[in-house]
2 protein chains.
Amino acid sequence: MRIRTSNGKGDINQIPEPTLRRLPGYLSFFKSLKINNVEFVSSGQIAANFKMDSTLVTKDLSYTGIKGRTKIGYNVNLLIDTIIQFLDFNSQEKAFLFGVGNLGRALIKYQGLKSYGLHIVAGFDIDPAVVNNVLNDVKIHPIDEFRDLSRKMNVRLGIITTPDAKAQEIADLMVAWGIKAIWNFTPQSIKVPDNIIVENTSVYSDLAVILNRLNNQ
Amino acid sequence: MRIRTSNGKGDINQIPEPTLRRLPGYLSFFKSLKINNVEFVSSGQIAANFKMDSTLVTKDLSYTGIKGRTKIGYNVNLLIDTIIQFLDFNSQEKAFLFGVGNLGRALIKYQGLKSYGLHIVAGFDIDPAVVNNVLNDVKIHPIDEFRDLSRKMNVRLGIITTPDAKAQEIADLMVAWGIKAIWNFTPQSIKVPDNIIVENTSVYSDLAVILNRLNNQ
DNA sequence: CATATGTTGTTAATAAAATAACAATATTGA
DNA sequence: TCAATATTGTTATTTTATTAACAACATATG
């Protein structure tokens, strides 16, 4: 059985995903340059910092529409503003988080996410020990209240940090109550309708790469 | 300025990184099949679960050396054992963790990592409030003790979950005391000698992809 | 003011990964 | 027992991403 991936047609000239994934790293670097009062940076300097090819840097940056100046490089402040704008990191996208265990708690408490466009507005759990707790202004609700809260607030993004076995159940609930994108931190692959966006974050993939490199080279 | 990536020559016929990254996901799926007493699974079924092409599944699995049986598929137990073996997930690689904040604490407490080959044996921090605490049998030490502990235990892997600004400093320390691979959870790019393995895990990259999909399609 | 140079940014070539095509084959069922 | 078929697994093709080559040009310097 084969499945043809939707090539979407509408997405002509869309930014390649590898480029998209590199942009937050550039942004972090540019922010540290700004702190050190560096005003301009060349593609070569950026490339050296990340040990990559300088032409790839210019190509990546060109997708954001920013222009560099010959013999001078790119304006650091402009780079920061442009990338933040391009990635919608100032959008403060609201999110619900399901499963307030170790990882869920860490994400809620992790202030850094706010400056990268994510605002977790409520947590959900079934454990009476955590329900009604408040972590960093974020209240934890029983899952029953998801439906009502979903109607009041207009939340498009849901985060799954439940135990693996609960992932599909929660995903189904999200789809039922209007969530448009799911960020899945469990290694379970979840099944949702085609119009729902799913992004899987698995530390296990990274771990696999590390162990492979440690042991096989 | 351009940099040619080391093509390493020795790594001929090495497993492609995308394949390596998919293997833990397969493993998780196979484990859930086993729980449901499924004995055999075909590449088509696997592909359907992940909404991918079935030939890619067979190609991925062939790297692990496992053989399927025509008309039957792959033996689930054998798949699980083979992938765990292939990824060294039963190696219990020892690791030091630096920066016991929200994320660091979550990683230490997260039992799931143990069955994926990672055993965090000690944490380090500068905050007197956390130093000497014990989390899940893992003791938190002041950073001064890193040198001595490094000599006693033979640890190859270090994890950085410090604030961004401290990442390079900690990385330098690790290199000085013999760490061979660094798992960097900060968005900062760290500079280390070529023989040191660095794996960057950035939730910001995933966030960038989610926001882009939510807003641009 | 003119020339040398560093840097961008585009176009071309290469490399890598995913997909398609298809041959081989073991199993099922008539 | 034999034919039909589902499935693996290999080879070829296409697509995508990266790297290389090079043209355009603004700036610094003599």
Side-chain angles (χ1 to χ4, degrees), chain A residues 1-9 11-23 25-26 30 33 38-76 78-79 82 205 209, chain B residues 1-9 11-23 25-26 30 33 38-76 78-79 82 205 209:
Chain A
M1 196 256 340
R2 299 210 183 90
I3 290 178
R4 185 170 303 139
T5 56
S6 77
N7 62 355
K9 292 303 180 193
D11 12 345
I12 207 78
N13 256 348
Q14 215 186 6
I15 186 170
E17 188 171 313
T19 295
L20 197 52
R21 290 189 169 278
R22 282 189 291 268
L23 286 176
Y26 294 143
F30 300 148
L33 289 180
V38 177
E39 269 192 274
F40 291 91
V41 63
S42 73
S43 62
Q45 291 172 301
I46 300 167
N49 184 68
F50 291 96
K51 290 194 180 168
M52 58 193 292
D53 194 294
S54 65
T55 59
L56 186 51
V57 172
T58 62
K59 226 175 181 180
D60 282 347
L61 294 181
S62 73
Y63 281 101
T64 69
I66 198 171
K67 298 286 176 190
R69 285 168 62 197
T70 270
K71 193 106 173 182
I72 299 286
Y74 298 88
N75 178 296
V76 171
L78 194 58
L79 278 170
T82 306
S205 292
V209 173
Chain B
M1 198 252 345
R2 298 210 183 90
I3 291 177
R4 186 169 301 138
T5 55
S6 78
N7 62 353
K9 290 304 177 192
D11 11 344
I12 206 78
N13 255 349
Q14 215 186 6
I15 186 170
E17 188 171 312
T19 295
L20 196 53
R21 292 190 167 277
R22 283 189 291 267
L23 287 175
Y26 295 144
F30 300 148
L33 289 179
V38 177
E39 269 192 274
F40 290 91
V41 64
S42 72
S43 62
Q45 292 171 301
I46 300 166
N49 183 69
F50 290 97
K51 290 196 179 164
M52 59 193 290
D53 194 293
S54 65
T55 59
L56 186 52
V57 172
T58 62
K59 226 174 180 180
D60 283 348
L61 294 180
S62 73
Y63 281 102
T64 70
I66 198 171
K67 298 285 176 190
R69 285 169 62 195
T70 269
K71 191 105 174 184
I72 300 285
Y74 299 88
N75 178 296
V76 171
L78 194 58
L79 278 170
T82 306
S205 293
V209 173

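Throughout, a chain's letter reflects where its sequence line sits, starting with A, and its residues are numbered from 1.
Look at B/Y74 and you'll find a side-chain N or O under 4.0 angstrom from OP1 or OP2 of D/dG9. At C/dA18, one or more side-chain N or O atoms of B/R22 fall inside 4.0 Å of OP1 or OP2 (strictly under the cut-off).
Judged as a ring-ring contact (aromatic ring centres under 6.0 Å, His included), and not counting sequence neighbours, A/Y74 has no contacts. Every residue two or more places apart in sequence or in another chain was checked for a side-chain hydrogen bond (donor to acceptor under 3.5 Å, both in side chains) with A/N75, and none qualifies. Partners of A/E39 by side-chain hydrogen bond (donor to acceptor under 3.5 Å, both in side chains), not counting sequence neighbours: none found. B/F30 is linked by a ring-ring contact (aromatic ring centres under 6.0 Å, His included) to nothing, counting only residues two or more places apart in sequence or in another chain.
Put simply, CG on A/L61 is 14 Å from P on D/dT18, counting in whole angstrom units. Taking atom OH of residue A/Y63 and atom P of nucleotide C/dT10, one finds them 11 Å apart after rounding to whole Å. Remark: C1' of C/dA18 and CD of B/E17 are 16 Å apart, rounded to the nearest angstrom. In this entry the distance linking CG of B/D53 with P of D/dT8 reads 13 Å, nearest Å. Rounded to a whole Å, the CG atom of B/L20 is 11 Å from the P atom of C/dA17. The interatomic distance linking A/D60 (CG) with D/dT19 (C1') rounds to 13 Å, in whole Å. Atom-to-atom, CZ of A/R21 to C1' of D/dT18 comes out at 17 Å; the value is rounded to the nearest Å. Distance, B/L78 CG to D/dT8 P: 14 Å, rounded to whole Å.
Among the nucleotides D/dT18, C/dT19, D/dT8, the one closest to any side-chain atom of B/L56 is C/dT19.
Among residues at least two apart or in separate chains, salt bridge (charged side-chain N to carboxylate O under 4.0 Å, His left out) pairs with a member in residues 57-69 of chain A are A/R22-A/D60.
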*Which letter, B, S or -, goes with each nucleotide of nucleotides 10-15 of chain D from 5' to 3', with contact meaning a protein heavy atom under 4.0 Å?*
--B---

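When all heavy atoms are compared, the tightest approach of B/L79 to B/V41 is CD1-CG1, 3.6 Å. Residues B/L78 and B/T82 share a closest heavy-atom pair of O-OG1, 2.6 Å.
Pairs of Watson-Crick or G-U wobble type, with distances under 3.5 Å, assemble into runs of 3 or more in DNA chain C at these ranges: C:1-30 with D:1-30.
In this structure a side-chain-to-backbone donor-acceptor pair under 3.5 Å is present from A/S205 to B/R21.
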Output one line per pair: protein atom, nucleotide atom from nucleotides 26-30 of chain D, and distance, for all N/O pairs under 3.5 Å.
residue: D/dT27; atom: OP1; partner: A/R69; partner atom: NH2; Å: 2.9

*What do the steps show when you test A/L20 against A/Y63 for side-chain contact (heavy atoms from CB on, under 4.5 Å), and what is the final call?*
CA-CA 9 Å; A/L20 197 52; A/Y63 281 101; over 6 Å; no

*Hey, mind stepping through A/I15 and A/L23 against side-chain contact (heavy atoms from CB on, under 4.5 Å) and telling me if it holds?*
CA-CA 11 Å; A/I15 186 170; A/L23 286 176; 4.0 Å; yes

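For the atom pair OG1 (A/T58) and CD1 (A/I66), the distance works out to 12.5 Å, reported to the nearest 0.5 Å.
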